[in-house]
Peer 1: 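Shown below is the structure under consideration.
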Amino acid sequence: MNNKSTKHTKVLILGSGPAGYTAAIYAARAMLKPILVYGSQPGGQLTTTTDVENYPGHSKVIQGPWLMDEMKGQAKAVGTEMIQDHINKIDLSKKPFVATGDSGQIYTADTLIISTGAQARWLNLKSEQEFRGFGVSACATCDGFFFKEKEVAVVGGGNAAVEEAMFLTKFASKVKLIHRRNKLRAEKMLQEKLRTNKKIEIIWDSVVEEVVGNQKPKSVNGVKIKNVKSGKIADLKVDGLFVAIGHDPATSLFKNQLKMDKEGYLITKPDSTQTSILGVFAAGDVKDKIFRQAVTAAGMGCMSALEAEKFLSKEN
C-alpha cells in the first residue's frame, strides 16, 4: 500500500521545457505556489540542442542545456516546487483534477498547465531502429560531431531537415538531403542558404527503404533509397543517417479527455492556451506544430500562467 499523502496545488505544471519553466516563473511570482512535475528529460528538446542562436537577450551563442538550467533555477528561486516523477494517469472529469505518478504520489490541482512537448518522429524501419545510436540519429546537434569528414544523409523537407543538413556541414564532408517530394517545405531563406552550400546535395522524390551497416563494430555504411516516381532502388554510401521528419506531441495521457487534432496536438481557443476543459491550459510544442521555437513556447508558458491566475481569481 502506498501511504504517500496527496499533494495539492493551485497550479500543477506537467513538463519542463521553456513553456513549463516560464509558466512556473509566472505562477510562482503570482504567489500561486506551483508544483512542476518533470520526467526523465528535464529541459525537453532544448537539452538536445547545443548552439542556440535565436533566443532573444543573448548576443553570443548560448547552449540549450545551459538555457534550460537557468530557467529551472529561476523558476525554483521564485518559489516553484520541482518534483521528478512520471505522470501515468490523469483524471480531468472532476475538480480538483487528479494526477497519479509512477512514484505512487497523487497530485490534485485546481488548474493544470500541460507543457509536455513533443518527440522526434522516426521512419519505423527495423534497420533504422537497429542502428539507432550507431549511426542513425534524430539530432544533428547531439551527434553531428561524430561524423567529421564523413558522408551523411538527412531525411526530410521541412525547416528541421534543412537546419540539420546545414548544421552537419560543419563536420561532414558531404550531406545528402533525401526528400520524398520535388520541393521543400522549409522557409525560403533557409532554402537559399541550402542551395548555396557546396557540401549539400538534394535527392528529390526519394524515400529511405533500408539502413545498411556492419554488425561488428556496429556502424552504418549506407542506405537503400527508392525513387517514388520510377520505383528504382539505389544504394547510397553514407556513414550516418539523420531523421528529421517531424514530431509527435506527448499527449497520450489526455486521449479521450481533451480535444486534439488528428496528429494529437492539443487544441486551444484562439489567442489563448485554454483547452477544451476549463482550468486546463496547454503551452508549447504540445499544442504548437507551426512555430516550435523556444521563444514561442516560453511566450505560451507565460500566457498559460496568467490565464490560470485569472481563472483561479474568478473561481474564488
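Heavy atoms only: backbone and side chains are in, while hydrogens, waters and symmetry mates are out.
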Peer 1: Determine, stepwise, if the pair E81 / K33 fulfils salt bridge (Lys or Arg N to Asp or Glu O under 4.0 Å).
Peer 2: CA-CA 7 Å; E81 186 181 347; K33 297 194 174 70; over 6 Å; no

Peer 1: Is D110 paired with K10 through a side-chain N to carboxylate O contact shorter than 4.0 Å?
Peer 2: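 Looking at D110 together with K10, the answer is no, because their closest N to O distance does not fall below 4.0 Å.
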
Peer 1: Look only at the side chain of E128 and the backbone of N124, and say whether a donor-acceptor pair between them is shorter than 3.5 Å.
Peer 2: yes

Peer 1: Hey, could you give me the CG/CD distance between L123 and Q129, rounded to the nearest 0.5 Å?
Peer 2: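 So the gap between those two atoms works out to 8.5 Å.
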
Peer 1: Determine the minimum heavy-atom distance between S304 and A23, stating which atoms define it.
Peer 2: OG-CB, 3.7 Å

Peer 1: Is the shortest heavy-atom distance from the side chain of V243 to the side chain of R121 under 4.5 Å?
Peer 2: no

Peer 1: Evaluate the criterion side chain to side chain contact (heavy atoms under 4.5 Å, CB included) for residue pair L194 and M166; output intermediate values, then yes/no.
Peer 2: CA-CA 7 Å; L194 189 78; M166 301 286 299; 4.1 Å; yes

Peer 1: Considering non-hydrogen atoms only, spot the tightest contact between A282 and L266 and give its length.
Peer 2: CB-CD1, 3.7 Å

Peer 1: Could E315 and K310 be called an ion pair, given the rule that one side-chain N must be under 4.0 Å from one carboxylate O?
Peer 2: no

Peer 1: Using a distance-only test with no angle check, is there a side-chain donor-acceptor pair under 3.5 angstrom linking S173 and E149?
Peer 2: no

Peer 1: Go through the structure and list residues passing salt bridge (charged side-chain N to carboxylate O under 4.0 Å, His left out) with K176, not counting sequence neighbours.
Peer 2: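 Partners of K176 under the salt bridge (charged side-chain N to carboxylate O under 4.0 Å, His left out) test: E151.
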
Peer 1: Using atom types as modelled and distance alone, determine if a side-chain donor or acceptor of T108 lies under 3.5 Å from a backbone N or O of P96.
Peer 2: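 The answer is no, because no donor-acceptor pair under 3.5 Å joins these two groups.
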
Peer 1: Can you check side chain to side chain contact (heavy atoms under 4.5 Å, CB included) on L306 and E309, steps first, answer last?
Peer 2: CA-CA 5 Å; L306 295 176; E309 181 190 10; 4.1 Å; yes

Peer 1: Not counting sequence neighbours, which residues clear side-chain hydrogen bond (donor to acceptor under 3.5 Å, both in side chains) with E130? List them please.
Peer 2: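 Only Q215 meet the side-chain hydrogen bond (donor to acceptor under 3.5 Å, both in side chains) criterion with E130.
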
Peer 1: Looking only at non-hydrogen atoms, find the nearest pair between S115 and A19 and report the distance.
Peer 2: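 Heavy atoms only, the tightest pair is CB-CB, 3.8 Å.
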
Peer 1: Report yes if the side chains of I13 and I35 come closer than 4.5 Å at any heavy-atom pair, otherwise no.
Peer 2: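 They are not in contact (no side-chain heavy atoms under 4.5 Å apart), so the answer is no.
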
Peer 1: Does a donor on one side chain and an acceptor on the other come within less than 3.5 Å for Y107 and D85?
Peer 2: yes

Peer 1: List the residues meeting side-chain contact (heavy atoms from CB on, under 4.5 Å) with T100, not counting sequence neighbours, and say none if there are none.
Peer 2: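 Counting only residues at least two positions away or on another chain, T100 forms a side-chain contact (heavy atoms from CB on, under 4.5 Å) with N88, K89, I106.
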
Peer 1: Looking at R29, I'd like to know if its CZ atom is crowded, meaning that more than 12 non-hydrogen atoms belonging to other residues, nucleotides or ligands lie closer than 6.0 Å.
Peer 2: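 Open.
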
Peer 1: Drop me the distance from D285's CG to T116's OG1, to the nearest 0.5 angstrom.
Peer 2: 9.5 Å

Peer 1: Would you give the length of the straight line joining atom CG of L184 to atom CZ of R195, rounded to the nearest 0.5 angstrom?
Peer 2: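 So the CG of L184 and the CZ of R195 are separated by 6.5 Å.
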
Peer 1: Compare all side-chain heavy atoms of T111 with those of F281 and state whether any distance is below 4.5 angstrom.
Peer 2: yes

Peer 1: Go through the steps for T275 and I267 under the test side chain to side chain contact (heavy atoms under 4.5 Å, CB included), then give the verdict.
Peer 2: CA-CA 6 Å; T275 66; I267 294 170; over 6 Å; no

Peer 1: Could you measure the distance from the CD1 atom of I62 to the OH atom of Y55? Nearest 0.5 Å is fine.
Peer 2: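 These two atoms lie 8.0 Å from each other.
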
Peer 1: For a side-chain hydrogen bond (donor to acceptor under 3.5 Å, both in side chains) with T268, tell me which candidate from K259, K287, E307 qualifies.
Peer 2: K287

Peer 1: How about D143 and F242: do any of their side-chain heavy atoms sit closer than 4.5 Å?
Peer 2: yes

Peer 1: Is it true that a side-chain atom of T9 and a backbone atom of V11 form a donor plus acceptor pair closer than 3.5 Å?
Peer 2: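 Present.
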
Peer 1: State, yes or no, whether a side-chain contact exists between L241 and V154 at a heavy-atom distance under 4.5 Å.
Peer 2: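 SC-SC contact between L241 and V154 ruled out.
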
Peer 1: Counting only heavy atoms from other residues, nucleotides and ligands, does the tally under 6.0 Å from NZ of K226 exceed 12?
Peer 2: no

Peer 1: Between the side chains of E210 and K126, is the shortest nitrogen-to-carboxylate-oxygen separation below 4.0 Å, so that they form an ion pair?
Peer 2: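 A salt bridge is absent here (no side-chain N lies under 4.0 Å from a carboxylate O).
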
Peer 1: Could you check whether N221 and N214, counting side-chain N and O atoms only, form a donor-acceptor pair closer than 3.5 Å?
Peer 2: yes

Peer 1: Spell out, yes or no, whether F145 and V175 are grouped together once hydrophobic residues are joined by side-chain heavy atoms under 4.5 Å, including indirect joins.
Peer 2: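 Yes: a chain of side-chain contacts under 4.5 Å links F145 to V175.
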
Peer 1: Atom CE in M189, atom CD in E187: separation rounded to 0.5 Å?
Peer 2: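 Between M189 CE and E187 CD, I get 7.5 Å after rounding to 0.5 Å.
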
Peer 1: Do W122 and I178 belong together in a cluster built from hydrophobic side chains that touch within less than 4.5 Å?
Peer 2: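 Yes, same cluster.
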
Peer 1: Is the side chain of Q257 donor-acceptor paired with the backbone N or O of I90 at a distance under 3.5 Å, no angle test?
Peer 2: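 Yes, Q257 side chain to I90 backbone: donor-acceptor pair under 3.5 Å.
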
Peer 1: In this structure, would I25 and M68 fall into the same cluster of hydrophobic residues linked by side-chain contacts under 4.5 Å?
Peer 2: no

Peer 1: Tell me whether V295 shares a hydrophobic cluster with W66, the cluster being built from Ile, Leu, Val, Met, Phe, Trp, Tyr side chains joined at under 4.5 Å.
Peer 2: yes

Peer 1: Which pair of non-hydrogen atoms, one from L278 and one from F97, has the smallest distance, and what is that distance?
Peer 2: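 In this case the closest contact between L278 and F97 is O-CZ, 3.6 Å.
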
Peer 1: For residues 196-207, tabulate all N or O donor-acceptor pairs below 3.5 Å that involve a side-chain atom, not counting sequence neighbours.
Peer 2:
| from | atom 1 | to | atom 2 | distance (Å) |
| --- | --- | --- | --- | --- |
| T196 | OG1 | E192 | O | 3.3 |
| T196 | OG1 | K193 | O | 3.0 |
| N197 | OD1 | K199 | N | 3.0 |
| K199 | NZ | T169 | O | 2.8 |
| K199 | NZ | A172 | O | 3.0 |
| D205 | OD1 | N182 | N | 3.4 |
| S206 | OG | W204 | O | 2.8 |

Peer 1: Kindly indicate, with the supporting measurements, whether the criterion side chain to side chain contact (heavy atoms under 4.5 Å, CB included) is fulfilled by I114 and T251.
Peer 2: CA-CA 9 Å; I114 301 165; T251 52; 5.9 Å; no

Peer 1: Distance from M260 atom CE to Y265 atom OH, nearest 0.5 Å?
Peer 2: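 With rounding to 0.5 Å, CE (M260) is 12.5 Å from OH (Y265).
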
Peer 1: When you measure from the side chain of Q45 to the backbone N and O of G117, does any donor-acceptor pair fall under 3.5 Å?
Peer 2: no

Peer 1: Under 6.0 Å between ring centres, would you say that holds for Y21 and Y38?
Peer 2: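 Not close enough - the centres of the two rings lie 6.0 Å or further apart.
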
Peer 1: In terms of side-chain heavy atoms, does Q41 have a donor or acceptor partner in T47 at a distance below 3.5 Å?
Peer 2: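 Side chains of Q41 and T47: pair found under 3.5 Å.
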
Peer 1: With sequence neighbours excluded, what pairs up with A234 under the side-chain contact (heavy atoms from CB on, under 4.5 Å) test?
Peer 2: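 Applying side-chain contact (heavy atoms from CB on, under 4.5 Å) to A234 gives I225.
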
Peer 1: Under the ring-ring contact (aromatic ring centres under 6.0 Å, His included) rule, collect the residues that match up with F254, sequence neighbours excluded.
Peer 2: none

Peer 1: Shared ILVMFWY cluster between V238 and L125, side chains joined below 4.5 angstrom?
Peer 2: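 Yes, V238 and L125 fall within the same hydrophobic cluster.
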
Peer 1: Would you say K7 and I83 make side-chain contact, with heavy atoms under 4.5 Å?
Peer 2: yes

Peer 1: Heavy-atom distance under 4.5 Å between the side chains of P18 and M71, does that happen here?
Peer 2: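 SC-SC contact between P18 and M71 confirmed.
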
Peer 1: Could you check whether any side-chain heavy atom of D235 comes within less than 4.5 Å of a side-chain heavy atom of V223, counting everything from C-beta outward?
Peer 2: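 With C-beta onward as the side chain, the pair stays apart.
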
Peer 1: Does atom NZ of K76 have more than 12 heavy-atom neighbours from other groups under 6.0 Å away?
Peer 2: no

Peer 1: Which heavy atom of A109 sits nearest a heavy atom of L12, and at what distance?
Peer 2: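 Taking A109 first and L12 second, the nearest heavy atoms are CB-CB, 3.5 Å.
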
Peer 1: Which pair of heavy atoms, one from I113 and one from A308, lies closest together, and at what distance?
Peer 2: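 Closest approach of I113 to A308, heavy atoms only: CD1-CB, 4.4 Å.
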
